[in-house]
Trainee: 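This is the structure, below, for whatever I ask next.
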2 protein chains.
Amino acid sequence: MTSQPSTRGRVLAAYQDLLISDGPSAATLDAVAAAAGVSKGGLLYHFKSKEALVEGLLAQLREYAEADFAAMAQAPQGCAAYYVRTSVFGNTPFDRAIVAAHRLIQGDDDSVRQVFAGLHARWYELILTDLKDAATAHAVMLLGDGLYYNAALFGFPTGVHFGKETQDGVTVDALLEIVEKLRPQARS
Amino acid sequence: MTSQPSTRGRVLAAYQDLLISDGPSAATLDAVAAAAGVSKGGLLYHFKSKEALVEGLLAQLREYAEADFAAMAQAPQGCAAYYVRTSVFGNTPFDRAIVAAHRLIQGDDDSVRQVFAGLHARWYELILTDLKDAATAHAVMLLGDGLYYNAALFGFPTGVHFGKETQDGVTVDALLEIVEKLRPQARS
DNA sequence: GTCTATAGTACGATAGAC
DNA sequence: GTCTATCGTACTATAGAC
């Protein structure tokens with residue numbers, strides 16, 4: 001029952017949205033409070049400091065991540081294809097949490113880096129289970145990373161990038177075909 | 001003759017180093033001036049504003065980029081392999097300029113984004129010439145992007161990451177083998 | 001639980017001496 | 001060309017009324 005629009009939830013959502021659309025420097029306490037419809041004092045009642053706001057964001061990210069790991073482990077297309085496919089920004093809650101947190105990596109806060117390092121380790125583990133070969137697994141992860149970083153850094157001008165095309169008319173399906181080529185063939 | 005340690009050059013180098021090691025928020029005018037061994041007033045004589053500092057960084061980046069495009073077009077191993085290989089952080093002047101500028105993308109400055117968009121377009125063009133197929137070219141670029149972004153965002157704890165290994169014992173050579181697998185075979 | 005008012009600090013930039 | 005001193009602003013966070 002955490003999904004009701006409590007003030008705390010509205011503040012967190014506003015912080016996330018500001019990070020995604022305008023970057024960390026624009027996500028000041030004033031701006032977040034205004035976007036959430038409360039005063040700065042009201043915001044600081046729920047989150048005692050800016051660091052607490054970040055922690056709130058990361059806690060939410062970790063929640064979504066656990067659910068994603070479970071889905072990935074059971075994905076019928078295999079973990080590798082699942083990873084690449086979901087590396088395209090899809091505007092899901094998980095995607096939004098990732099991109100928002102990504103924008104904080106440059107900052108001084110080392111805890112954000114650590115969270116992403118942990119996510120990466122889990123993903124790699126799953127892909128390796130799927131593909132067996134370390135180099136291939138690494139290559140597939142890098143491909144997905146490239147997709148995600150491009151989205152996170154260069155973003156979605158105005159809601160574009162949501163479709164299937166990633167660039168120059170190249171579709172995700174075309175990328176997935178390439179990933180399948182890399183899958184070690186069972187000798188028959 | 002731009003390589004002599006002029007004050008202007010030292011300031012620019014100090015700004016670059018601070019961006020790479022401590023991020024944008026640490027690269028204040030005070031910090032840059034101190035690192036370069038001048039006062040803030042002295043710094044501002046050479047660069048009238050912080051924006052001018054960024055422009056100086058980008059000008060340098062563009063210079064290095066032009067030289068890299070030329071080398072890439074003539075690379076014996078082909079453009080695709082060249083791109084992936086040089087996407088590993090190698091501590092070259094070009095690498096350092098790229099990583100430093102990358103840290104500014106999150107900021108408000110749109111000019112940094114545009115420079116990287118331009119670089120990407122040129123690289124893609126060269127790789128496509130090499131590989132002929134758009135989807136494959138895109139995949140190779142994403143692989144290189146992933147390498148570079150991981151380096152730029154998570155960095156080099158203390159000079160590590162300079163060797164051939166990128167992660168979990170996976171070498172760049174192993175990644176290059178995978179790229180070669182993707183190269184469309186000449187029908188014989 | 002939410003507000004206003006304000007303290008304290010850090011940053012970018014200017015002015016003017018040397 | 002480089003320095004010191006200073007102004008203006010924007011931000012985080014606290015204190016206390018309601």
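Labels below follow one simple rule: chain letters A, B, ... track the order of the sequence lines, proteins then strands, and each chain is numbered from 1. No experiment lies behind these values; they were computed from the predicted model shown.
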Trainee: Only pairs under 3.5 Å count here: list side-chain donor-acceptor contacts from residues 42-58 of chain B, not counting sequence neighbours, and write none if there are none.
Mentor:
residue, atom, partner, partner atom, Å
B:Ser49, OG, B:Glu51, N, 3.4
B:Ser49, OG, B:Ala52, N, 3.2
B:Lys50, NZ, B:Ala27, O, 2.9

Trainee: Classify the ring geometry between A:Tyr124 and A:His138 as parallel (under 30°), tilted (30 to 60°) or perpendicular (over 60°).
Mentor: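 If you compare the ring of A:Tyr124 with that of A:His138, the planes turn out perpendicular.
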
Trainee: Tell me whether the rings of B:Tyr148 and B:Phe89 are parallel (<30°), tilted (30 to 60°) or perpendicular (>60°).
Mentor: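 Plane angle over 60°, so perpendicular.
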
Trainee: Please identify the 5'-most and 3'-most nucleotides of DNA chain D with any atom under 4.0 angstrom from a heavy atom of chain B.
Mentor: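 Terminal contacting nucleotides, 5' to 3': D:dG1 to D:dT4.
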
Trainee: Which residue pairs pass the salt bridge (Lys or Arg N to Asp or Glu O under 4.0 Å) test when at least one of the two sits in residues 127-138 of chain B, sequence neighbours left out?
Mentor: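 Qualifying pairs: B:Asp130-B:Arg183.
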
Trainee: Nucleotides 9-13 of chain C: which of its N/O atoms have a protein N/O under 3.5 Å away?
Mentor:
residue, atom, partner, partner atom, Å
C:dG12, OP1, B:Lys50, NZ, 2.6
C:dG12, OP2, B:Leu29, N, 2.8
C:dG12, N7, B:Lys40, NZ, 3.2
C:dA13, OP2, B:Lys50, N, 2.8
C:dA13, N6, B:Lys40, NZ, 3.3

Trainee: With A:Phe116, which residues qualify under ring pair (Phe, Tyr, Trp, His ring centres under 6.0 Å), at least two apart?
Mentor: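 Listed in chain order: A:His102.
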
Trainee: Could you check A:Asp145 against A:Tyr83 for side chain to side chain donor-acceptor pair (under 3.5 Å), going step by step and ending with a plain yes or no?
Mentor: CA-CA 9 Å; A:Asp145 290 349; A:Tyr83 183 72; 2.7 Å; yes

Trainee: Go through the structure and list residues passing salt bridge (Lys or Arg N to Asp or Glu O under 4.0 Å) with B:Arg122, not counting sequence neighbours.
Mentor: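 With sequence neighbours excluded, B:Arg122 shows a salt bridge (Lys or Arg N to Asp or Glu O under 4.0 Å) to B:Glu66, given in chain and number order.
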
